[in-house]
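Inspection log for the structure reproduced underneath, given as structure tokens.
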Amino acid sequence: MNTWIERQRGLIDTTVANLRRRKARNLGLLLAYVLLVFLLASVVLFGDGMRREARLLLEEAPELVVQRLTAGRHDLMPAQWLERIADLRGVAAVEGRLWGYHHDAAVGANLTLQVPREAAPAAGRVHLGATLARLRGLAPGDVLSLRDHAGQPHAFVVEALLDSRSELVSADLVLLGEADFRAFFGIAAGLYTDAALRVVNPLETRTVAEKVLARLPATRVISREEMRRTYDAVFNWRQGLPLMVLSVLLAAFALLAWDKASGLSAEERREIGILKALGWDSGDVLAMKLWEGALLSLLAFLLGYTLAWLHVYYAGAPLFEPVLKGWSVLYPHFALAPEVDISRIVSLALLTVLPYVAATLVPVWRAATLDPDEVMRE
Amino acid sequence: MALFPARRGSGLAAWLLAGSLACLLLVLADASRMAEERARERAQGRALVARVGLTDLALFNEARYTRHLSQADQHAAFQDHPGALEHFPAGSLAGPARPSP
Amino acid sequence: MIELVGVGKTFNPGRDNEFHAVREVSLSIEAGRVTALRGPSGSGKTTLLGLIGGLTRPSVGRLRLHGRDISALPERFLTALRRDTFGFVFQQFQLIRDLSVLDNVMLPAVPTGRPHADIRARALRLLDEVGLGRRAAARVQWLSGGEAQRAAIARALINDPPVILADEPTAHLDSALSRQILEILAELRRCGRTLVIASHDPLVFEMDLVERVVDLRDGRVLA
């Protein structure tokens with residue numbers, strides 16, 4: 001056992017001495033590798049974090065939202081429909097929601113105007129999302145002036161700002177009273193944007209959704225589960241945003257591995273030949289290269305993952321901001337909550353360490369099984 | 001005999017690995033504290049979602065159909081033409097919500 | 001101690017470039033003596049040296065070490081046996097560039113799993129003995145030809161093998177340096193080691209180092 005350990009230590013010594021021989025090249029390789037793991041892990045951590053955040057935030061969302069469809073398009077819903085839905089068994093409560101978009105020419109942003117279920121602002125007053133307030137430089141007591149559907153300016157007094165810790169759901173929100181909303185958009189009383197339902201038994205949500213569709217076929221029913229899965233899909237690492245980044249990264253990674261796997265230089269082959277002639281067997285040569293690959297990739301993984309963690313959870317993932325922001329003017333400030341997921345760490349480690357080690361071993365294995373007398377025949 | 005100190009490569013490698021592992025464990029150890037703090041922040045967001053009846057994250061407000069991804073009708077991106085190229089980056093990231101399996 | 005019975009080596013058998021490097025050689029190497037393989041280049045000296053040292057597997061015939069047939073041993077056992085029995089000094093030095101002289105000398109001992117401190121101490125002592133004590137930390141490409149050959153000899157001795165096999169140890173060296181190397185080999189002989197030297201350098205045979213000469217031509221031993 002001691003001999004085994006001493007031999008492995010000796011092999012590691014040789015590996016490190018080998019790595020030091022081409023310091024610049026190997027440092028460059030390590031850096032590229034760290035960068036790869038960093039980006040890969042950032043994507044995964046960010047995606048996981050966003051999905052978790054969306055899931056937890058939307059736990060408070062309406063269980064079902066019913067939209068009226070006219071010719072395949074979203075249309076305003078008459079109050080009578082709400083009553084017809086409320087009649088259904090299993091429906092605990094129905095509320096008409098009022099929300100809409102307004103393009104704010106002053107900052108070139110789309111705002112969401114919405115009437116809250118509770119604690120609506122008084123007439124002529126609004127509550128603003130913190131991101132929007134920051135962009136327009138508004139504080140409580142200031143006036144927000146917007147042009148209504150008829151082109152007439154409406155002046156709203158900013159009563160309060162929404163808590164900046166809720167920016168992820170409130171960036172562009174303008175909360176206002178129902179009367180103001182109807183006047184601003186020219187929506188007659190008795191019409192709603194859509195309907196939010198609460199069900200008696202959450203396990204029966206699907207049944208209730210089917211009942212709504214049966215009674216009102218010209219509707220679309222969206223469950224909370226579907227809202228959640230929408231964001232699952234956007235931030236799932238196998239699709240959407242992460243997939244785009246990942247595919248580029250994996251291509252780069254394949255390139256790195258391919259460069260390794262495609263063969264050894266004549267110099268490296270000669271050195272393996274010398275080692276074999278000096279009394280190293282194929283296993284020793286392979287073990288040394290295994291240590292080399294393991295050392296490099298393990299170090300790269302640990303550093304890259306740590307950096308990714310700092311990037312996503314401490315720095316707020318600044319690298320992804322421009323991607324997510326796209327063309328939108330309003331981008332919320334938000335912080336993701338970390339969660340240590342061992343299985344994720346392990347799978348990421350395997351994903352990055354194994355291919356590299358394997359790629360380094362294949363050509364060495366071919367060279368290591370050559371006859372040791374090759375060196376003598378030069 | 002000792003011409004120069006016997007510094008072993010394996011020792012260096014072990015130090016490097018142990019050092020970077022310690023860094024990783026350090027940030028992971030901070031996770032629970034941070035998660036608690038962030039959960040308190042999230043409570044504000046959850047309260048707002050409940051108060052207003054929100055359905056979506058305010059991440060992509062560049063277009064109507066990306067601001068409320070789960071509420072957008074499924075043809076929104078193609079309302080000009082079924083083969084229309086995507087206008088907004090966010091739209092290319094987000095598929096429509098799929099019905100429950 | 002080493003016996004070759006009807007040993008032959010064919011490279012690329014059955015192909016257009018088939019080449020019989022060594023044919024039907026029967027030879028025994030006696031312990032504690034200096035045997036020289038002599039012959040012009042291409043006569044099969046190097047191949048025969050490789051066969052004797054277990055570096056090359058014979059195509060036909062047997063190789064016995066202390067009476068035990070080792071020509072069919074699996075690689076792992078043969079390598080271990082070779083490591084413990086033979087030290088090689090190759091024609092082109094075959095040191096690994098950019099590694100220190102000390103690291104190079106220690107290389108053959110790494111797979112043995114002996115304690116690092118022991119290996120290191122022995123390597124430094126051997127380097128002292130061949131007069132390279134001060135150059136231990138230097139990179140091998142900074143060595144002169146004579147120094148490189150002495151480093152190679154120190155490397156061959158690191159596992160304390162009873163047999164040293166040297167392939168053209170004086171090639172690429174001028175006569176003063178050659179004498180220096182042969183002195184070191186003679187010293188090894190005095191310490192009781194068995195030496196097999198492949199060479200066509202007359203200087204090797206002038207000195208009264210060689211006790212037995214085996215003449216080779218076209219892969220055969222001349223009677």
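Chain naming here is simple, since letters A, B, ... match the order of the sequence lines and numbering starts at 1 in each.
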For atom CG of C:D98, decide whether the heavy atoms of other residues, nucleotides or ligands shown that lie under 6.0 angstrom number more than 12.
yes
Contact between A:R270 and C:Q92 at the side-chain level, heavy atoms closer than 4.5 Å - yes or no?
no
Contacts of type side-chain hydrogen bond (donor to acceptor under 3.5 Å, both in side chains), residue C:S28, not counting sequence neighbours:
none
Just grab all the salt bridge (Lys or Arg N to Asp or Glu O under 4.0 Å) pairs involving residues 14-40 of chain A, residues at least two apart or on different chains.
A:R21-A:E271
Sort by residue number and list every residue of residues 279-292 of chain A having at least one heavy atom under 4.5 Å from chain C.
A:G279, A:W280, A:D281, A:S282, A:D284
Contact leader toward chain A among C:R57, C:R76, C:M106, where contacts are heavy-atom pairs under 4.5 Å
C:R76
Rounded to the nearest 0.5 Å, what's the gap from CG on A:N18 to CG on C:L99? Could you check?
6.0 Å
Can you list, pair by pair, the side-chain donor-acceptor contacts under 3.5 Å of residues 148-158 of chain C, counting residues two or more places apart and other chains?
unit_1, atom_1, unit_2, atom_2, d
C:Q149, NE2, C:P169, O, 2.9
C:R150, NH1, C:V130, O, 2.9
C:R155, NH1, C:Q94, O, 2.7
C:R155, NH2, C:F93, O, 3.0
C:R155, NH2, C:Q94, O, 3.2

Output the option from C:L107, C:L95, C:D84 having the highest count of non-hydrogen pairs under 4.5 Å with chain A.
C:L107
Derivation of the side-chain contact (heavy atoms from CB on, under 4.5 Å) call for C:T112 and A:R7:
CA-CA 6 Å; C:T112 63; A:R7 179 165 71 224; over 6 Å; no
Calculate, to the nearest 0.5 Å, the distance between atoms CD and NE2 belonging to A:E6 and C:H116 respectively.
8.0 Å
For C:E129, is the CD atom crowded, meaning more than 12 foreign heavy atoms sit under 6.0 Å from it?
yes
Tell me if the CG atom of C:D16 is crowded by more than 12 foreign heavy atoms within 6.0 Å.
no
Identify the two heavy atoms, one from C:P108 and one from A:L278, that lie closest to each other, and give their separation to 0.1 Å.
CB-O, 3.5 Å
The interface call for A:Q8 against chain C, heavy-atom contacts under 4.5 Å, is neither
